[in-house]
Amino acid sequence: MDMEILHTEDKKLLREVTSQSSPPGPPHEAIFLVLSRLPLFELLTMSLVCKSLKDALVDDILVWLDIFIDKPLNFRVSDRILMEITSKASGRLKSLALINCLRITDDGLQAVIANNPLINQLYVPGCTSLTAEGIIRVVEMLVEHSRKPMRLKINGIYNLNSEHLDTIHTLIQFNQTQKKQTKQMYNFYHNRHQYLLNFKEENETNPDIDIDTCPNCSEVRMVFDCPEQMCRRKRKPNLLSVCRGCQFCIPRCEECGRCVTDPEERDDAEAACNDILCMECWLQLPKCNFCNKPYCNLHVQQKHSLSESSGFLCEACN
């Protein structure tokens with residue numbers, strides 16, 4: 001009986017508080033300041049929250065100048081949807097990243113470029129419906145209209161060969177500034193996913209195109225340099241020529257990017273994931289409580305935390 005009286009009083013108090021509260025109003029003005037920093041999926045979701053946010057996104061071109069499409073939208077975006085999204089920039093699109101967007105074709109991408117010729121960052125890694133010839137045509141279209149330094153990421157496009165790559169390099173060099181040409185460019189293995197984090201920030205130390213011809217196997221792939229002052233092979237003059245190569249020719253540590261195939265001394269250690277770690281990085285990473293193997297930071301989410309301690313179990317031991 002006492003519990004019933006208590007519930008009745010709670011309901012009465014709730015009705016009084018609800019009746020005294022003011023009706024919902026428009027979103028706080030501060031929320032409009034963060035719209036340009038939201039990923040595309042969250043941006044599209046915000047447009048469904050209320051009319052004020054929808055109108056703000058329709059009227060503000062600035063939030064649509066850099067389009068980055070990744071999970072979970074990449075498998076759903078088609079040519080038509082991409083055209084609709086990029087049209088919100090009204091022809092002023094600066095950067096376009098399509099990460100593993102399998103449904104985007106040459107015709108769809110070229111239509112977007114035709115309407116947005118001022119793009120200077122085009123990332124289409126893993127877009128397997130695109131062709132080498134289509135990429136060349138897109139680069140030609142961009143070079144015709146823009147003289148800004150261009151960045152291109154096309155790793156994972158099928159049937160790209162050295163002839164295609166030479167053509168793309170020649171086209172890109174047409175719009176490079178003298179300042180850019182004098183800089184030394186490096187491509188480090190452990191930074192290969194960094195553009196996912198700082199897509200809108202230019203990094204002048206990275207190469208303009210993410211693929212190259214491997215000096216060891218002559219295949220067109222991502223070719224990596226060893227980080228300065230990290231790799232022992234940098235200190236051995238007779239090994240300098242073989243220190244650069246693709247990941248199939250020169251295995252590298254997932255954490256620091258240094259090569260781990262020194263012919264005089266094997267310097268890699270076993271990890272809980274399938275990635276390679278050098279001994280120095282292996283010693284610094286937390287280990288599984290059972291098998292004493294660490295995860296690299298790229299796969300650290302696979303560990304299973306233990307409630308009774310600060311340690312963890314790897315996926316195999318769990």
Side-chain angles (χ1 to χ4, degrees), residues 70-71 99-100 123 125-126 153 155-156 183-199 201-207 210-212 214-217 219 221-318:
D70 196 5
K71 296 179 181 179
I99 313 300
N100 298 317
Y123 298 173
K153 296 191 181 297
N155 181 51
K183 284 187 173 292
Q184 179 67 44
M185 304 300 171
Y186 294 103
N187 190 21
F188 296 141
Y189 180 75
H190 61 304
N191 291 338
R192 67 192 185 281
H193 299 303
Q194 196 171 24
Y195 65 89
L196 295 173
L197 303 176
N198 56 358
F199 171 62
E201 301 175 7
E202 293 188 2
N203 188 348
E204 295 187 354
T205 62
N206 289 338
D210 62 336
I211 60 174
D212 203 347
C214 177
N216 299 289
C217 64
E219 294 290 335
R221 295 177 176 139
M222 293 187 73
V223 177
F224 303 102
D225 301 283
C226 277
E228 293 285 351
Q229 299 177 351
M230 281 186 173
C231 180
R232 296 180 190 174
R233 305 178 83 180
K234 286 282 186 180
R235 305 169 191 166
K236 300 179 180 181
N238 61 321
L239 293 175
L240 286 178
S241 60
V242 295
C243 196
R244 186 173 186 271
C246 68
Q247 62 179 340
F248 299 100
C249 295
I250 302 181
R252 300 185 185 278
C253 174
E254 185 65 43
E255 291 296 301
C256 68
R258 57 178 284 191
C259 54
V260 291
T261 55
D262 194 318
E264 297 180 3
E265 179 182 355
R266 187 71 180 177
D267 191 23
D268 61 330
E270 193 172 0
C273 50
N274 293 325
D275 293 310
I276 300 173
L277 296 173
C278 68
M279 183 59 67
E280 183 177 348
C281 293
W282 187 91
L283 292 172
Q284 295 176 3
L285 292 171
K287 313 294 191 300
C288 170
N289 284 16
F290 189 78
C291 67
N292 199 38
K293 296 178 183 178
Y295 275 114
C296 67
N297 286 321
L298 187 64
H299 298 105
V300 69
Q301 74 280 357
Q302 296 180 7
K303 68 180 184 181
H304 298 268
S305 300
L306 300 175
S307 56
E308 65 274 8
S309 69
S310 59
F312 70 91
L313 291 178
C314 68
E315 198 168 39
C317 294
N318 185 66

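Because the structure is a prediction, the values reported are computed rather than measured.
Within the 3.5 Å criterion, the main-chain N or O of Arg244 finds a donor-acceptor partner in the side chain of Asn216. Of the possible polar contacts, none joining the Asn187 side chain to the Phe224 backbone as a donor-acceptor pair under 3.5 Å is found. Looking at Arg221, its side chain never comes within 3.5 Å of a backbone N or O of Gly245 through a donor-acceptor pair.
In plain terms, the two heavy atoms of Phe312 and Cys314 that are nearest each other are CD1-N, 4.0 Å. When all heavy atoms of Cys246 and Cys214 are compared, the pair lying nearest together is N-SG, 3.4 Å. The two residues Cys317 and Phe290 have their closest heavy-atom pair at SG-CD2, 3.5 Å.
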- Under the side-chain contact (heavy atoms from CB on, under 4.5 Å) rule, what do Phe248 and Cys217 come out as? Steps first, then yes or no, please. CA-CA 9 Å; Phe248 299 100; Cys217 64; over 6 Å; no
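For the pair His304/Glu315, a side-chain contact is recorded, criterion being any heavy-atom separation below 4.5 Å from C-beta on. Looking at heavy atoms from C-beta onward, Glu255 lies in side-chain contact with Leu285 at the 4.5 angstrom threshold. Contact check for Pro294 versus Leu277: side-chain heavy atoms found under the 4.5 Å cut-off. Glu280 is listed as a side-chain neighbour of Arg258, based on a closest heavy-atom distance under 4.5 Å. Put simply, the side chain of Asn289 reaches to within 4.5 Å of the side chain of Leu313, judged on heavy atoms.
Interatomic distance, NE2 of His299 versus CD of Glu254, reported as 7.0 Å (0.5 Å rounding). Rounding to the nearest 0.5 angstrom, the gap separating the CG atom in Asp225 from the CG atom in Asp212 is 9.0 Å. The distance from the CG atom of Asp275 to the CZ atom of Arg252 is 14.5 Å, given to the nearest 0.5 Å.
Tested against Cys253 for a side chain to side chain contact (heavy atoms under 4.5 Å, CB included), the candidates Cys259, Cys296, Cys278 yield a single pass: Cys278.
Annotation: cation-pi geometry not satisfied between Lys293 and Trp282 (NZ/CZ under 6.0 angstrom from ring centroid, within 45° of ring axis). Both the sub-6.0 Å distance and the 45° axial angle are not jointly satisfied by Lys303 relative to the ring of Tyr295.
For the salt bridge (Lys or Arg N to Asp or Glu O under 4.0 Å) test, no residue two or more places apart in sequence or in another chain qualifies with Asp210.
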